[in-house]
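In this chain, residues are counted from 1 in sequence order. What you are looking at is a predicted structure, and each value in this text was computed from that prediction instead of being measured.
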Amino acid sequence: MRSRLKSGFTLIELLVVIAIIAILIGLLLPAVQKVREAAARATCANHLKQLGLAAHNYEGVNGKFPPGINLPISTASGAVFPTNSLYTSGKIQAPPFPNQFGSWFEYIFPFVEQDNLQKLVNFSTREYGNTNGPNSTGAQVVKIFICPSDPMPKNVTTYTSGGTTYHFGMNSYMGNGGTRAWYVSSATFDGVLYINSKVTINGITDGTSNTLFAGERYHQDPCMNDANMGAGKGMESLGGWAWANYSAHQDYIAGTTAPINYKLAPCSSAPSFAQQDPRVDAYGSGHSGGCNMVMCDGSVRFLTLTSAGDIVTLQRLAVPNDGQVVSIP
């Protein structure tokens with residue numbers, strides 16, 4: 001009886017199959033990455049949508065948008081001193097909530113289903129009082145404050161002062177402080193969210209659909225990182241929704257001194273303050289070509305104002321009542 005030989009792959013055929021599989025994987029990976037980024041961008045847009053609607057609901061209840069930062073006028077550490085020129089000139093006014101230290105994130109908590117977390121916040125404690133320890137209220141990570149495309153190495157960052165280490169739950173979103181938000185002494189206080197702001201819907205005369213409420217921040221920069229700036233001082237360390245003092249603009253209020261997705265050129269040492277300030281002040285994202293922004297009417301737009309020539313348009317979108325109404329590109 002004639003025997004049958006079992007057929008099988010030759011080495012050459014196996015190598016050809018492997019090569020074909022490798023090519024297919026190479027073709028599929030970019031598509032998979034695009035799908036993942038599209039999903040991340042959509043998630044980010046949804047987060048901003050929730051924040052925008054929460055701000056609208058807050059305004060409906062209180063007659064004004066939340067203060068960007070609420071600070072007492074007093075000689076207490078972290079407060080606005082009565083002798084401060086920004087206060088005496090009228091740029092900074094009396095707070096909406098006397099004797100409270102708070103961020104706009106904290107004030108909208110009841111409108112983003114975070115009532116229980118807000119009840120844990122002590123608004124009477126100054127500066128970092130809610131962030132004292134890894135299990136503190138301010139160390140909690142709030143999911144809708146984080147964009148999945150924001151490459152923060154940690155969702156909780158730390159800062160040590162006076163022998164105490166404070167823990168901050170991070171955020172990827174920045175409120176609209178207007179033309180300039182950082183450094184505070186140079187801030188213009190002409191946006192929607194800033195120290196002791198009390199902006200109303202009626203005060204947005206350029207139209208709520210033409211005025212920014214908040215947008216993304218990108219926490220990665222080849223020059224402003226902890227290696228160059230010192231531990232806890234780079235872009236990756238900027239953030240924290242649960243603290244408030246005179247310098248808190250750097251963590252959750254942005255300006256429009258630089259275009260979207262602005263980054264410093266690579267460097268080997270700490271850049272000057274003149275270089276740092278526009279980067280701290282800038283909106284940006286891990287999304288290609290622009291970043292998500294929520295307008296004061298609650299709509300979310302993907303803005304592509306990434307060149308130096310776009311700054312004027314960006315600033316007109318940031319100022320709610322300058323009479324310079326622009327169409328969103």
### Side-chain donor/acceptor of Q315 to backbone N/O of T256, under 3.5 Å
yes
### Query
Could K233 and D226 be called an ion pair, given the rule that one side-chain N must be under 4.0 Å from one carboxylate O?
no
### Message
Taking V199 as the starting point, is it possible to reach I201 by hopping between hydrophobic residues whose side chains are less than 4.5 Å apart?
### Response
yes
### Message
If you count heavy atoms of other groups shown closer than 6.0 angstrom to CD of Q324, is the number above 12?
### Response
yes
### Query
Hey, are N46 and T43 close enough side-chain-wise for a donor-acceptor pair under 3.5 Å?
no
### Query
What about Y107 and F123, are their ring centers closer than 6.0 Å?
yes
### Query
Do T160 side-chain atoms and G163 backbone N/O form a donor-acceptor pair below 3.5 Å?
no
### Query
Quick check, are the ring centers of Y159 and Y128 under 6.0 angstrom apart?
yes
### Query
Taking the six-membered ring for Trp, is the centroid-to-centroid distance between F145 and Y173 below 6.0 Å?
no
### Task
Please lay out, stage by stage, how C44 and C147 fare under the test disulfide bond (SG atoms under 2.5 Å apart).
CA-CA 5 Å; C44 176; C147 172; 3.4 Å; no
### Query
Near Y87 OH, under 6.0 Å, is it more than 12 heavy atoms from other residues, nucleotides or ligands?
no
### Message
Tell me whether D206 contacts the main-chain N or O of D322 through its side chain, where contact means a donor paired with an acceptor under 3.5 Å.
### Response
yes
### Task
With W182 as reference, evaluate D281, L238, T257, I253 under the side chain to side chain contact (heavy atoms under 4.5 Å, CB included) test and give the passing residue.
D281
